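The structure appears right after this line, and notes come after that.
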Amino acid sequence: MFVNGEAMSGGPLNMHLRDAVCRGPRATAARYRFYSVRDEFPGLHPVPVGGVSVPGELYEVSYAVLRGRLLPAEPPELELGIIELDDGTGSLAMRMRADALAAPGVSDISEAGGWLRYTGQEQR
């Protein structure tokens, strides 16, 4: 599972991944736009052109952790999907729902360099 927001190491939602194995920092392929939703959480959305690579972390997550802890903590603007990583492999990740892109409080932060840099938490 690729995470790119508050579930990353040191984040307030990382507790939901306490039984998962962190495989380290990773990044998406440059095929996504990255959004802030009310400055509360980020979301990825695939685009055919103009995408960026988004930094995050990769976790080995059991179905029980995914179903029982991680997914119930996710906001309704996100949905579980598959993304492409920078090495061409795929991973589960939470993605922005297409119908949430135009919602109030959603802004494109693709050029910010990731959620931690955008929120000023880069040195957790």
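This structure is a prediction, so every number in the text was calculated from the model and none was measured. By convention here, the first residue in the shown sequence is residue 1.
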Inset, instruction - Could you pull out the closest heavy-atom pair between Gly90 and Leu85, with the gap in Å? - result: O-CD1, 4.5 Å
Legend entry - Co-membership, hydrophobic cluster, residues Leu58 and Leu13, 4.5 Å side-chain: no
Inset, instruction - Quick one: pull up CE in Met8 and CG in Leu116 and give me the separation to the nearest 0.5 Å. - result: 3.5 Å
Inset, instruction - Could you tell me which residues satisfy side-chain hydrogen bond (donor to acceptor under 3.5 Å, both in side chains) with Thr89, sequence neighbours excluded, listed by chain and number? - result: Asp87
Inset, instruction - Decide yes or no on side-chain contact (heavy atoms from CB on, under 4.5 Å) for Gln121 and Glu6, but give the supporting numbers first. - result: CA-CA 10 Å; Gln121 302 174 65; Glu6 298 298 318; 3.5 Å; yes
Legend entry - Note, Arg38 side chain near Glu77 side chain (heavy atom, < 4.5 Å): yes
Legend entry - Under the salt bridge (charged side-chain N to carboxylate O under 4.0 Å, His left out) test, residues paired with Arg95 that sit two or more places apart: none
Inset, instruction - Find out if a path of hydrophobic residues (ILVMFWY) with successive side-chain heavy-atom gaps under 4.5 Å connects Leu17 to Leu92. - result: yes
Inset, instruction - Under the salt bridge (charged side-chain N to carboxylate O under 4.0 Å, His left out) rule, collect the residues that match up with Asp86, sequence neighbours excluded. - result: Arg26
Inset, instruction - Grab the two heavy atoms, one from Gly43 and one from Leu78, that are nearest each other, plus how far apart they are. - result: CA-CD2, 3.9 Å
Could you list the donor-acceptor pairs under 3.5 angstrom formed by side chains in residues 96-110, with sequence neighbours left out?
unit_1: Arg97; atom_1: NE; unit_2: Pro76; atom_2: O; d: 2.8
unit_1: Arg97; atom_1: NH1; unit_2: Glu79; atom_2: OE1; d: 3.3
unit_1: Asp108; atom_1: OD1; unit_2: Arg33; atom_2: NH2; d: 3.4
unit_1: Asp108; atom_1: OD1; unit_2: Ser110; atom_2: N; d: 2.8
unit_1: Asp108; atom_1: OD1; unit_2: Ser110; atom_2: OG; d: 2.6
unit_1: Asp108; atom_1: OD2; unit_2: Arg33; atom_2: NE; d: 3.1
unit_1: Asp108; atom_1: OD2; unit_2: Arg33; atom_2: NH2; d: 3.3
unit_1: Ser110; atom_1: OG; unit_2: Arg33; atom_2: NE; d: 3.2
unit_1: Ser110; atom_1: OG; unit_2: Phe34; atom_2: N; d: 2.8
unit_1: Ser110; atom_1: OG; unit_2: Phe34; atom_2: O; d: 3.4

Inset, instruction - Report the residues that fulfil ring-ring contact (aromatic ring centres under 6.0 Å, His included) with Tyr35, sequence neighbours left out, ordered by chain and then residue number. - result: none
Inset, instruction - Would you indicate whether the side-chain heavy atoms of Trp115 and Pro55 approach each other to under 4.5 Å? - result: no
Inset, instruction - Hey, could you give me each pair passing side chain to side chain donor-acceptor pair (under 3.5 Å) that has a residue in residues 46-60? Not counting sequence neighbours. - result: Ser9-Glu57, Ser9-Tyr59, Asn14-Tyr59, Arg23-Glu60, Glu57-Tyr59
Inset, instruction - Decide if atom CG of Leu80 counts as having more than 12 heavy atoms of other residues, nucleotides or ligands within a radius under 6.0 Å. - result: yes
Legend entry - Nearest atoms (heavy-atom pairs only) where Leu44 meets Phe2: CD1-CE2, 4.2 Å
Inset, instruction - Answer yes if Met94 and Ile82 sit in the same cluster of Ile, Leu, Val, Met, Phe, Trp and Tyr residues linked by side chain heavy atoms under 4.5 Å apart, and no otherwise. - result: yes
Legend entry - Arg117: partners by side-chain contact (heavy atoms from CB on, under 4.5 Å), with sequence neighbours left out: Glu122
List the atom pairs, donor and acceptor, that lie under 3.5 Å between side-chain atoms in residues 67-75 and the rest of the protein, sequence neighbours left out.
unit_1: Arg69; atom_1: NH1; unit_2: Asp19; atom_2: OD2; d: 3.3
unit_1: Arg69; atom_1: NH2; unit_2: Asp19; atom_2: OD2; d: 2.5

Inset, instruction - Check whether Val3 and Val65 end up in the same hydrophobic cluster, where Ile, Leu, Val, Met, Phe, Trp and Tyr are linked by side-chain heavy atoms less than 4.5 Å apart. - result: yes
